[in-house]
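Read the structure below first, then the notes.
Residue indices begin at 1 and follow the sequence shown.
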Amino acid sequence: MFENLQKSISRFIQVEPSEFDFFTSCMSFRSLKKKEILLRADQNCRSIYFINKGCLRYYYLVDGEEKTAQFFFENGWFTDLDSFLGGMPAENFVDALEDTELLGIEKNDLMKLYEEIPKFERLGRILAENAYLGIRQKTKTLTTLNAEQRYLQLMKERPKIFERIPQHYIASYLNIKPQSLSRIRRQISSKKSKS
């Protein structure tokens with residue numbers, strides 16, 4: 001169960017077996033069925049999750065319409081940073097797009113881990129920095145690229161999304177209507193066939 005977690009951690013820090021065992025002893029396992037909600041708006045996010053298997057979708061409700069902000073896949077990490085760090089209720093929802101297995105650590109246990117084994121604080125900093133950079137990149141993409149450019153960039157950088165995510169969620173993530181996504185796909189296909 002912890003093999004993927006160990007590989008993920010070793011990308012950022014080196015830990016002794018006893019340190020890894022202490023870390024995993026602080027974690028709890030949670031499984032979600034497809035479409036099950038992990039976090040609702042107005043709930044506090046009290047854990048950081050490692051996605052052992054599956055996929056999560058992070059989204060907002062705007063005038064009753066779902067606006068997809070991000071997708072998280074296995075071997076990735078997820079938390080709602082505003083809620084987790086600030087102790088305030090989340091403003092978004094998170095659900096499972098596939099049957100999903102999570103390993104979570106609650107904030108109190110994380111603080112204890114940082115105190116007991118300070119190198120894990122470095123892991124936390126790196127994950128927070130990566131989350132920040134991801135948010136900045138998404139903002140830049142949405143504000144500087146047109147819809148077709150956003151689509152092509154997503155295909156290049158995150159092809160897994162097109163293999164596993166329904167088209168209407170991809171359209172929402174790209175901040176376009178599903179009909180626009182279909183049109184863009186037809187145009188790109190037409191350009192390729194003429195080349």
*What residue pairs, at least two apart or across chains, pass salt bridge (Lys or Arg N to Asp or Glu O under 4.0 Å) with a residue in residues 73-97?*
R57-D95, E74-K160, E74-R164
*Could you tell me whether the side chain of E65 and the main chain of L61 form a donor-acceptor pair under 3.5 Å?*
no
*Is it possible for you to say whether F2 and F23 belong to one hydrophobic cluster, with membership spreading through side-chain heavy-atom contacts below 4.5 Å?*
yes
_What's the separation between atom CG in L154 and atom CD1 in I161, rounded to the nearest 0.5 Å?_
4.5 Å
*To the nearest 0.5 Å, tell me how far N108 CG sits from S47 OG.*
10.0 Å
*Quick one: does F78's side chain get under 4.5 Å of L102's, heavy atoms only?*
no
*Run the numbers on L32 and L56 for side-chain contact (heavy atoms from CB on, under 4.5 Å), then give the verdict.*
CA-CA 10 Å; L32 300 171; L56 297 175; 4.0 Å; yes
*asked:* Restricting to side-chain contact (heavy atoms from CB on, under 4.5 Å), what partner residues turn up for M88, sequence neighbours left out?
replied: none
*Does L113 belong to the same Ile/Leu/Val/Met/Phe/Trp/Tyr cluster as L85, with side-chain heavy atoms less than 4.5 Å apart forming each link?*
yes
_Determine whether F120 and I13 satisfy the following criterion, side-chain contact (heavy atoms from CB on, under 4.5 Å), listing intermediate values before the conclusion._
CA-CA 8 Å; F120 278 101; I13 61 171; 4.0 Å; yes
*Is I135 reachable from Y60 through a run of I, L, V, M, F, W or Y residues, each pair having side-chain heavy atoms under 4.5 Å apart?*
no
_Sequence-distant partners of E116, side chain to side chain donor-acceptor pair (under 3.5 Å), two or more places apart_ = none
*asked:* Counting C-beta onward and ignoring hydrogens, is there a side-chain heavy-atom pair between V15 and F22 closer than 4.5 Å?
replied: no
*Does Q187 offer a backbone N or O that forms a donor-acceptor pair with the side chain of S189 under 3.5 Å?*
no
_Which heavy atom of S172 sits nearest to which heavy atom of E66, and what is that distance?_
OG-O, 3.4 Å
*Quick one: list whatever passes side-chain contact (heavy atoms from CB on, under 4.5 Å) with N146, sequence neighbours left out.*
E148, Q149
*Hphob cluster co-occupancy, M155 + L145, side-chain heavy atoms under 4.5 angstrom*: no
*Considering the options Y58, F72, Y49, which one meets the side chain to side chain contact (heavy atoms under 4.5 Å, CB included) requirement together with V94?*
Y58
_Minimum heavy-atom distance between A147 and I184, given as atom pair plus value_ = CB-CD1, 3.6 Å
*Which residue pairs satisfy the ring pair (Phe, Tyr, Trp, His ring centres under 6.0 Å) criterion with at least one member in residues 152-174, sequence neighbours excluded?*
F71-Y173, Y151-F162
*asked:* Could you report the tightest heavy-atom contact between F29 and S31, atom names first, then the distance?
replied: CE2-CB, 4.0 Å
*asked:* Tell me every residue that passes side-chain contact (heavy atoms from CB on, under 4.5 Å) with E16, counting only those two or more places apart in sequence or in another chain.
replied: S18, E19
*Approximate separation, where rounding is to 0.5 Å, of R122 CZ and L127 CG*: 11.0 Å
*When rounded to the nearest 0.5 angstrom, what is the spacing between CG in L142 and CG in N175?*
5.5 Å
*Quick one: closest heavy-atom pair of I9 and L123, and the distance?*
CG1-CD2, 4.0 Å
_Determine whether a donor-acceptor pair (N or O, by modelled atom type, separation under 3.5 Å) exists between the side chain of S180 and the backbone of I176._
no
*Which residue pairs pass the salt bridge (Lys or Arg N to Asp or Glu O under 4.0 Å) test with at least one member in residues 27-45, sequence neighbours excluded?*
none
_Between T24 (side chain only) and F20 (backbone N and O only), is there a donor and an acceptor less than 3.5 Å apart?_
yes
_Give me each pair satisfying side chain to side chain donor-acceptor pair (under 3.5 Å) with a member in residues 128-139, each pair once, sequence neighbours excluded._
R125-E129, Q137-T141
*Locate the shortest heavy-atom distance separating S8 from N75; write the atom from each residue and the value.*
OG-O, 4.0 Å
*So, the side chain of S83 versus the backbone of N44: is there a donor-acceptor pair under 3.5 Å, distance only?*
no
*Atom CZ of R46 and atom CG of L110: how far apart are they, to the nearest 0.5 Å?*
15.0 Å
*Can you measure from CG (L97) to CD1 (I165) and round to the nearest 0.5 angstrom?*
5.0 Å
_For Q167, all residues meeting side chain to side chain donor-acceptor pair (under 3.5 Å), sequence neighbours excluded_ = R185
*Would you say N4 and I51 make side-chain contact, with heavy atoms under 4.5 Å?*
no
*For E3, check side chain to side chain donor-acceptor pair (under 3.5 Å) against everything at least two apart and list the hits.*
K7
*Check ion pair E121-K112 (N to O, under 4.0 angstrom)*: no
*Residue pairs, two or more places apart or on separate chains, that pass ring pair (Phe, Tyr, Trp, His ring centres under 6.0 Å) and touch residues 81-117*: Y59-F93
_Are M111 and I105 linked, directly or through intermediate hydrophobic residues, by side-chain heavy-atom contacts shorter than 4.5 Å (ILVMFWY only)?_
yes
_For the student: nearest non-hydrogen atoms of C45 and T79, plus distance_ = SG-OG1, 3.4 Å
*Residues that K53 engages under side-chain contact (heavy atoms from CB on, under 4.5 Å), provided they are two or more places apart*: E101
